[in-house]
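Reading through the structure tokens given below for one structure.
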Amino acid sequence: MAASNEIALELAPIIRVYKDGRIERLNADVHLPPSVDTATGVASKDVPIAAGVTARLYLPAVAAPSKLPVLVYYHGGCFCIGSAFSSIYHVFLNTIVSTASVIAVSVDYRLAPEHLIPAAYEDAWCALQWVASHAEGGPEPWLAKDRTDFTRLFLAGDSAGANIAHNVAMRVAAEGLGVGGARVESMVLLHPYFWGTTRLPCEVGRVDHPVIPPHTVDSMWQLITGGADNDDPRLNPLADVAPSLAGLGCRRVMVAVAEKDTLRDRGRAYFEALRKCGWGGEAQLWETQGEDHVFFLFKPGCNEVSLLVKRLVSFLKD
């Protein structure tokens with residue numbers, strides 16, 4: 001039978017679902033193989049973690065005088081597009097690893113709607129546990145105990161990946177890592193994908209926003225969860241039914257937002273809530289003027305990206 005071209009749902013500019021069940025992702029995703037980066041000397045390789053879960057590991061070129069911390073990174077893409085192997089993430093993480101002197105584990109998780117939420121969260125948790133397990137000895141030589149500081153694990157991500165990092169950090173507090181000597185120290189949320197049923201100021205009047213139109217965000221969560229509403233605590237950590245941020249499982253958090261981003265006010269509100277909820281950790285906010293959602297992935301080398309990277313690296317090194 002010929003494929004039907006009748007569209008059941010289109011959430012531009014991200015994804016299209018046909019009535020026959022086919023999924024069309026509207027953003028081209030160019031993958032790069034692992035390599036030794038000629039500009040930074042950072043080496044990368046791909047490793048399996050569990051069924052459906054893989055990761056790209058990054059190792060800085062220069063041997064550090066002490067053990068290296070580990071950055072566990074979750075890519076963005078509204079939970080339904082993107083990959084740890086995308087060229088934009090490969091370039092970005094080469095830069096972070098070389099300047100911050102960290103080992104990075106960039107997680108490739110299963111995508112919705114083929115794999116509905118909570119699949120991405122479970123994959124992200126599985127990857128963090130896999131990293132932490134090496135504190136007691138594990139199969140991956142790049143995470144050997146003699147080179148890795150497992151008391152300095154960092155969670156980070158952009159957009160949906162930042163949402164994942166937050167939810168993983170909450171689970172760390174609730175369940176622990178189950179491995180002696182492993183601890184999540186800090187978290188970096190880059191343009192986090194949070195939402196809710198009530199519009200915030202920067203979400204009003206953006207019908208034609210080219211990157212994240214509010215109407216697309218309104219419908220996305222229902223698609224990728226199979227029906228949950230936009231005050232689901234996993235999407236809206238400030239909803240009345242959400243657990244308190246006081247239980248966040250790390251000591252320090254950096255939140256980065258961009259002036260033109262539809263999600264800007266969600267990141268600001270998260271930062272303010274952290275400061276007021278009794279969490280007791282250190283929260284930092286970095287706002288880039290004149291830029292839009294995840295601009296740092298698409299404008300490598302521009303001045304605003306350099307400033308953001310400098311701040312991020314400083315946060316990781318503190």
Legend entry - ILVMFWY cluster, Trp130 and Tyr109 together (side-chain gap under 4.5 Å): yes
Legend entry - Passing candidate, side-chain contact (heavy atoms from CB on, under 4.5 Å) with Leu128, options Val105, Val172, Val107: Val172
Legend entry - Shared hydrophobic cluster, Val70 / Ile49 (ILVMFWY, side-chain heavy atoms < 4.5 Å): yes
Inset, instruction - Can you see which heavy atom on Asp29 is nearest to which on Gly82, and at what distance? - result: OD2-C, 3.8 Å
Inset, instruction - State plainly whether one hydrophobic cluster holds both Leu297 and Val305, where clusters connect Ile, Leu, Val, Met, Phe, Trp and Tyr through side-chain heavy atoms under 4.5 angstrom apart. - result: yes
Legend entry - Non-hydrogen atoms of Cys80 and Leu111 that approach each other most closely: O-CD1, 3.7 Å
Inset, instruction - Please test Leu248 against Leu274 for side chain to side chain contact (heavy atoms under 4.5 Å, CB included), starting from the C-alpha separation and ending with a verdict. - result: CA-CA 9 Å; Leu248 196 64; Leu274 270 182; 3.8 Å; yes
Inset, instruction - Describe, in one word, how the ring planes of Phe296 and His191 are oriented to each other, choosing from parallel (under 30°), tilted (30 to 60°) and perpendicular (over 60°). - result: perpendicular
Legend entry - Arg268 to Phe271, cation-pi by 6.0 Å centre distance and 45° axis angle: no
Legend entry - pair Glu24-Ile15: side-chain heavy atoms closer than 4.5 Å: no
Legend entry - Between CG on residue Leu189 and CG on residue Asp158, distance to nearest 0.5 Å: 10.5 Å
Legend entry - Separation between CG of Leu316 and CD1 of Ile96, rounded to the nearest 0.5 Å: 7.5 Å
Legend entry - Results of ring pair (Phe, Tyr, Trp, His ring centres under 6.0 Å) for His90 - residues two or more places apart only: Tyr58
Inset, instruction - Give the minimum heavy-atom separation between Gln129 and Leu177, together with the two atoms involved. - result: NE2-O, 4.5 Å
Legend entry - Val42-Phe85 co-clustered via ILVMFWY side chain contacts under 4.5 Å: no
Inset, instruction - In plain terms, say whether Glu122 and Arg171 are close enough for a salt bridge, that is, a side-chain N and a carboxylate O under 4.0 Å apart. - result: yes
Legend entry - Partners passing ring pair (Phe, Tyr, Trp, His ring centres under 6.0 Å) against Tyr74 (at least two apart in sequence or in another chain): none
Inset, instruction - Answer yes or no: is there a side-chain heavy-atom contact under 4.5 Å between Leu93 and Leu71? - result: yes
Legend entry - Side-chain touch Pro192/Arg266, heavy atoms, less than 4.5 angstrom: no
Inset, instruction - Evaluate whether atom CD of Glu175 has more than 12 neighbouring non-hydrogen atoms of other residues, nucleotides or ligands under 6.0 angstrom away. - result: yes
Inset, instruction - List the steps, then state whether side chain to side chain contact (heavy atoms under 4.5 Å, CB included) holds for Met187 with Phe154. - result: CA-CA 6 Å; Met187 179 172 69; Phe154 305 134; over 6 Å; no
Legend entry - Given Leu312, Leu307, Val313, the one that forms side-chain contact (heavy atoms from CB on, under 4.5 Å) with Val309: Val313
Inset, instruction - Mark yes when over 12 heavy atoms from residues, nucleotides or ligands other than Arg275 sit less than 6.0 Å from its CZ; otherwise mark no. - result: no
Legend entry - Pairwise side-chain contact, His166 with Phe194, heavy-atom cut-off 4.5 Å (strictly under): yes
Inset, instruction - Can you see which heavy atom on Asp123 is nearest to which on Gly52, and at what distance? - result: OD2-O, 4.2 Å
Legend entry - Ion pair check, Arg264 and Glu203, cut-off under 4.0 Å: no
Inset, instruction - Starting at CG of Leu153, measure out to OG1 of Thr148 and round the result to the nearest 0.5 Å. - result: 9.5 Å
Inset, instruction - Find out whether Phe79 and Tyr121 are in side-chain contact, i.e. whether some heavy atom of one side chain is under 4.5 Å from a heavy atom of the other. - result: yes
Inset, instruction - Tell me yes or no: between the side chains of Asn236 and Trp195, is some donor less than 3.5 Å from an acceptor? - result: no
Inset, instruction - Please report the closest heavy-atom contact between Pro213 and Ala12, naming both atoms and the distance. - result: CG-O, 3.8 Å
Legend entry - Ile81 with Leu9, same ILVMFWY side-chain cluster at under 4.5 Å: yes
Legend entry - Asn167 side chain vs Asn163 backbone, donor-acceptor pair below 3.5 Å: yes
Inset, instruction - Check whether any side-chain N or O of Thr95 sits under 3.5 Å from a backbone N or O of Val91 as a donor-acceptor pair, and report yes or no. - result: yes
Inset, instruction - Say whether, by atom type as modelled, one donor and one acceptor occur between the side chain of Thr216 and the main chain of Ile212 under 3.5 angstrom. - result: no
Legend entry - Pairwise side-chain contact, Val294 with Leu190, heavy-atom cut-off 4.5 Å (strictly under): no
Legend entry - Salt bridge flag under 4.0 Å for residues Glu304 and Arg311: no
Inset, instruction - Hey, could you give me the CG/CD1 distance between Leu116 and Ile224, rounded to the nearest 0.5 Å? - result: 9.0 Å
Legend entry - Spatial distance of atom CZ (Phe150) from atom CZ (Arg183) [nearest 0.5 Å]: 13.5 Å
Legend entry - Test item: Tyr89 and Ser83 side chains (from C-beta on) under 4.5 Å apart, heavy atoms: no
Inset, instruction - Apply side chain to side chain contact (heavy atoms under 4.5 Å, CB included) to the pair Glu136 and Val179, showing each step before the final yes or no. - result: CA-CA 7 Å; Glu136 297 178 345; Val179 179; 3.7 Å; yes
Legend entry - is_close_aromatic(Phe92, Phe298), centroid dist under 6.0 Å: no
Legend entry - Non-hydrogen atoms of Leu263 and His293 that approach each other most closely: CD1-CE1, 3.5 Å
Inset, instruction - Might you work through the side chain to side chain contact (heavy atoms under 4.5 Å, CB included) test for Gln289 and Glu287, ending with a clear yes or no? - result: CA-CA 6 Å; Gln289 299 301 310; Glu287 182 163 341; 3.6 Å; yes
Legend entry - Presence of salt bridge, Asp218 and Arg199, under 4.0 angstrom: yes
Inset, instruction - For the residue pair Asn303 and Ser306, confirm or rule out a side-chain donor-acceptor distance under 3.5 Å. - result: no
Legend entry - Glu140 with Lys45: basic N within carboxylate O range, under 4.0 Å: yes
Inset, instruction - Give a yes or no on whether a salt bridge exists between Asp318 and Arg252, defined as a side-chain N under 4.0 angstrom from a carboxylate O. - result: yes
Legend entry - N/O donor-acceptor pair under 3.5 Å between Trp279 side chain and Cys250 backbone: yes
Inset, instruction - Step by step, work out the side-chain hydrogen bond (donor to acceptor under 3.5 Å, both in side chains) result for His75 and Ser86. - result: CA-CA 9 Å; His75 71 81; Ser86 296; over 6 Å; no
Legend entry - Pairing of Arg16 and Glu10 as salt bridge, 4.0 angstrom limit: yes
Legend entry - Distance, nearest 0.5 Å, that separates NZ of Lys67 from CG of Asp146: 7.0 Å
Inset, instruction - Show the numbers, then the answer: is there a side-chain hydrogen bond (donor to acceptor under 3.5 Å, both in side chains) between Trp221 and Asp232? - result: CA-CA 9 Å; Trp221 192 248; Asp232 182 331; 3.2 Å; yes
Legend entry - Within-4.5 Å side-chain heavy-atom neighbours: Phe295 and Thr288: yes
